[in-house]
> 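Got a structure for you, questions after.
Computed over heavy atoms, backbone and side chain alike; hydrogens, waters and symmetry mates excluded.
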Amino acid sequence: MKEYSREISRDSRDLQTLLGLLRGASLRARVKAISQTLAVSSLAEAVRLGTGLADLGPEILNAENTPPVRSWRGRWKTWRGASALRRQWFEAAVRSWARFGPDARRFMLSSAPGRPEWAEAAQDALAVGPDARRGVAALAAESADPAVLRVAMRLLESAGDAEAHAAEDAARSAADLAMAPGFDMVRRGELEAVVADAARAFGVHRRRGIMHAAITLLDPRTSPDTPLRRWFADDQHESHGVLRSVLRRAESPLSRTRAWWWLGGRTRSIAAAALDRVAVSHGPPDDEAVLRDAHLLASPERSRRVRLVAARKAGGGILPLPASIAALSTRARRGLPRLVAALAMREGARADALAPLREAADPCARFLAMRASNGGALGAYAADADLRVARSARLRLVTPGPDRDERGSDPPARRGLNARRSLHGDREGFIRDLRARIARGSRRERLDAIAMSRRMLLAGEVELDLLPMLHPSAESDEYVASASAAALGDVQRDAARAAIRACLAHPSPRVRANAVESWLRHTVRGGGKGQAILELKGDPNHRVRANAARAAILVAAGSGEDIGPMLGDDRPLHRLAGLWLVERVLIAGLAASHWDQLASRVADLARADPETVVRERAAVCGGRLLAQVRGAWAGRAPALGEGA
């Protein structure tokens, strides 16, 4: 060893010569020589020495796998020597880690992944000096080793600002590595525990980088019974104020993903910070983070809060720029219409937001964009190359409804559940609120209240508020009047019957159509055979005419002779209504004497009608009739077999 020490002192500047001289020495001599030289080397020299040290790693780590020694004293001596040699190699590597080249560091980590000696050497290196302490932090950042990271977290309270910053970066880098696909879940759990301890000690070190690491590791889909999730649930902890501040200003796409999930949580403080983060996009990766999980808008709380973003920013930062939509994944592009539908946007702004999807190659994205569009924007989809998109757009064009902008974004099932809870909690107050919204609310509020009264079987309770809505005037709204006419069909009282009978002559075809259906319900329940409906079988509106013909078949002794003229009408909408009527009558087992004639007429329409939408609708109708015939024969087959 003395011989090599003399050579080192003489040729310390010629590293190539030094490494060449060491090739013939023992492993212990080579490690000791490189370790001593690293202590006095420059940065450039340390890079080359690190390569030499890394090359020794596999041989040193396998040094204990020597030929077996028979005596126990020999075995003990061999094991002790190999253990000391490994400890010396790890100490040399950790103390100069920050000065090694990236290739050497990667090779060392791959040679000894997860070895406990890393943490032991890191613990000893804390007392060596600033360079060694920064090396510990760098090692924790690159290895994502929980034991090494726990050692590095001691630097958060260090008096040296550079060392504390290095420890913060180590926590953030280790968290990023832990979220990579294929990372060991056990190690991730151990890293979460280390970060949780550092987060709880925030009042001591005041390092915001720990909050960034916590946001990265706080996957909402993992078990809530982990140290990090328990810390997150304690929203009264002194560190949560900084956590919310960091979340608002974070720019990583993963932070927006976390905010999108937390937006639907019950903790209002974190939800408010999440709302601010979601409202700002920093580019396509940020847009991808939200739109790929647009299905989470099924949560009423998240949907309600998203509407607050739109109201405050007019849909600004939450939506992707038109030029960025092409860079999104297929799943994200399909999520865009759902997000647009949840925002409080005017029809023109909504059409502009969805316009890039009109030329999308994915027909599903175009279909979802069509479903989220209103008014004139539907015309662009009526000529779509995909027949399913075009057909749906045309059907929506010929069967208009209330503006979608005025509808709530919560799922009907969720609204119904909340309404039932309110009804059971305060029935009188709930009904009083319904009546107030019907009498004095906007169109949307009135329509929602009327629909709610029907779902909750409370139409009789609001009857006196529905009756004034039926009177035609310059201020009346045909959508509200038609909804009121439909709701009064559930009320079996003389005033409701009289109002519905009067609505059969209402100037609005929408109201007349709903009045016919309500009249039919009144008549069927009352067991009557009224004739008032017969004169509406020639109504110029296709929907009124079809409803009247169906009512005549059900209660006015009609036999189905009115269906054929509708199928042969020159007006496409009347032919479509005739096909609707065929399904309601023939499949229900009515007008059996006209089966052959009507089925033949449906086949003709499916084959030769000049309107594409009529042909497609007739094909669907014919398929259902054929399925009914096959089902009937399948049901009779066992009986026929038994008879044979």
Side-chain angles (χ1 to χ4, degrees), residues 140-141 143-154 156 167-278 289-290 292-293 295-302 305:
S143 66
D145 187 321
V148 178
L149 183 63
R150 188 172 291 279
V151 174
M153 291 299 94
R154 296 177 56 185
L156 292 173
E168 285 184 275
D169 293 340
R172 297 178 64 172
S173 299
D176 291 337
L177 288 175
M179 297 309 299
F183 193 86
D184 182 66
M185 297 301 296
V186 175
R187 284 179 60 197
R188 182 187 297 181
E190 295 172 352
L191 284 172
E192 290 181 11
V194 174
V195 173
D197 291 341
R200 289 192 179 276
F202 180 82
V204 178
H205 55 75
R206 311 296 297 179
R207 293 294 172 179
R208 297 168 67 92
I210 299 302
M211 299 297 109
H212 285 278
I215 290 173
T216 300
L217 292 172
L218 276 168
D219 191 341
R221 294 164 291 189
T222 58
S223 170
D225 190 25
T226 62
L228 190 61
R229 291 289 297 274
R230 288 196 294 271
W231 163 79
F232 181 69
D234 183 13
D235 61 331
Q236 300 302 316
H237 194 272
E238 60 179 339
S239 59
H240 271 245
V242 180
L243 173 69
R244 295 190 290 269
S245 175
V246 169
L247 179 61
R248 286 187 174 96
R249 293 167 175 79
E251 297 185 1
S252 67
L254 186 59
S255 67
R256 202 174 192 228
T257 298
R258 297 289 184 260
W260 184 241
W261 278 82
W262 295 336
L263 192 59
R266 297 182 179 180
T267 306
R268 294 185 177 180
S269 56
I270 194 65
L275 188 66
D276 292 338
R277 177 63 185 96
V278 166
V290 165
R292 70 187 175 201
D293 291 329
H295 62 277
L296 296 178
L297 284 168
S299 164
E301 194 64 25
R302 183 178 288 101
R305 287 167 178 162

> Check Ala141 against Leu177 and note the closest heavy-atom contact, atom names and distance.
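Looks like O-CD1, 3.2 Å.
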> What is the ring orientation for His240 with Trp231, classed by angle as parallel under 30°, tilted 30 to 60°, or perpendicular over 60°?
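Judged by the thresholds at 30° and 60°, the geometry between His240 and Trp231 is tilted.
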> Quick one: CZ on Phe202 to NE2 on His237, what's the gap to the nearest 0.5 Å?
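Answer for the CZ-NE2 pair, Phe202 versus His237, is 10.0 Å.
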> Treating Trp262 as the side-chain partner and Ile270 as the backbone partner, does any N or O pair qualify as donor plus acceptor under 3.5 Å?
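Pair absent, no side-chain N/O of Trp262 close to backbone of Ile270.
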> Can you check whether Leu296's main-chain N or O pairs, donor with acceptor, with Ser299's side chain at less than 3.5 Å?
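No, the answer is negative, given that no donor and acceptor are paired below the 3.5 Å cut-off.
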> Tell me whether Arg150 is salt-bridged to Asp197, with the criterion being a basic N under 4.0 Å from an acidic carboxylate O.
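The answer is yes: the pair qualifies as a salt bridge.
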> Please collect all salt bridge (charged side-chain N to carboxylate O under 4.0 Å, His left out) contacts where either partner lies in residues 169-181, sequence neighbours excluded, each pair once.
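Qualifying pairs: none.
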> Verify the neighbour count for atom CZ of Arg154: are there more than 12 heavy atoms of other residues, nucleotides or ligands below 6.0 Å?
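No - once you tally the heavy atoms of other residues, nucleotides and ligands closer than 6.0 Å, there are 12 at most.
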> Between Ala178 and Leu217, which heavy-atom pair has the shortest distance, and what is it?
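For Ala178 and Leu217, the tightest heavy-atom pair comes out as CB-CD2, 3.9 Å.
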> Measure from the side-chain N and O atoms of Ser245 to the backbone N and O of Gly241, and report whether any donor-acceptor pair falls under 3.5 Å.
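Side chain of Ser245 to backbone of Gly241: no pair is present.
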> Rounded to the nearest 0.5 Å, how far apart are CG of Leu247 and CZ of Arg258?
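One finds 11.0 Å between CG of Leu247 and CZ of Arg258.
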> So which atom in Ala175 and which in Thr216 form the shortest heavy-atom distance, rounded to 0.1 Å?
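Smallest interatomic distance, heavy atoms only, reads O-CG2, 3.6 Å.
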> I'd like to check the side chain to side chain donor-acceptor pair (under 3.5 Å) partners of Arg188; sequence neighbours left out, ordered by chain and number.
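Here no residue qualifies.
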> On a heavy-atom basis, which atom in Arg229 and which in Asp219 lie closest, and how many Å separate them?
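Closest approach of Arg229 to Asp219: NH1-O, 3.4 Å.
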> Who are the side chain to side chain contact (heavy atoms under 4.5 Å, CB included) partners of Ala140, not counting sequence neighbours?
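In terms of side chain to side chain contact (heavy atoms under 4.5 Å, CB included), with neighbours along the sequence ignored, Ala140 is linked to Val148, Leu149, Ala152, Ala170.
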> Using a 3.5 Å distance criterion without hydrogens, assess whether the side chain of Arg256 forms a donor-acceptor pair with backbone atoms of Val290.
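No; judged by distance alone, with no hydrogens or angles, the pair does not exist.
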> Applying side-chain contact (heavy atoms from CB on, under 4.5 Å) to Glu190 and Val194, what does each step give before you reach the verdict?
CA-CA 6 Å; Glu190 295 172 352; Val194 174; 5.8 Å; no
> Is the side chain of Arg305 donor-acceptor paired with the backbone N or O of Ala271 at a distance under 3.5 Å, no angle test?
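The answer is no, because no donor-acceptor pair under 3.5 Å joins these two groups.
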> Checking Arg208 side chain against Val242 main chain: does a donor-acceptor pair fall under 3.5 Å?
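Not at all, since once roles are kept as given, no pair shorter than 3.5 Å links the two residues.
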> Within a radius of less than 6.0 Å around CZ of Arg249, do more than 12 heavy atoms belonging to other residues, nucleotides or ligands occur?
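Open.
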> Please find the pair of heavy atoms, one from Arg230 and one from Asp225, that lie closest to each other, and give the distance.
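Smallest heavy-atom distance, with atoms named: NH1-OD1, 2.7 Å.
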> Does Arg277 use its side chain to pair, donor to acceptor, with the backbone of Arg248 at less than 3.5 Å?
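Not at all, since once roles are kept as given, no pair shorter than 3.5 Å links the two residues.
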> Does any N or O in the side chain of Arg207 come within less than 3.5 Å of the main-chain N or O of Glu168, such that one atom is a donor and the other an acceptor?
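No, Arg207 side chain to Glu168 backbone: no donor-acceptor pair under 3.5 Å.
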> Look at the side chain of Arg200 and the backbone N and O of Ser239, then say whether any donor-acceptor pair between them is shorter than 3.5 Å.
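Not a single qualifying donor-acceptor pair exists.
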> Which heavy atom of Ala198 sits nearest to which heavy atom of Leu156, and what is that distance?
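The answer is CB-CD1, 4.2 Å.
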> Measure from the side-chain N and O atoms of His205 to the backbone N and O of Met153, and report whether any donor-acceptor pair falls under 3.5 Å.
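No; zero donor-acceptor contacts below 3.5 Å.
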> Report the distance from atom CD of Glu238 to atom CG of Leu243, rounding to the nearest 0.5 Å.
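Output value for this atom pair is 13.0 Å.
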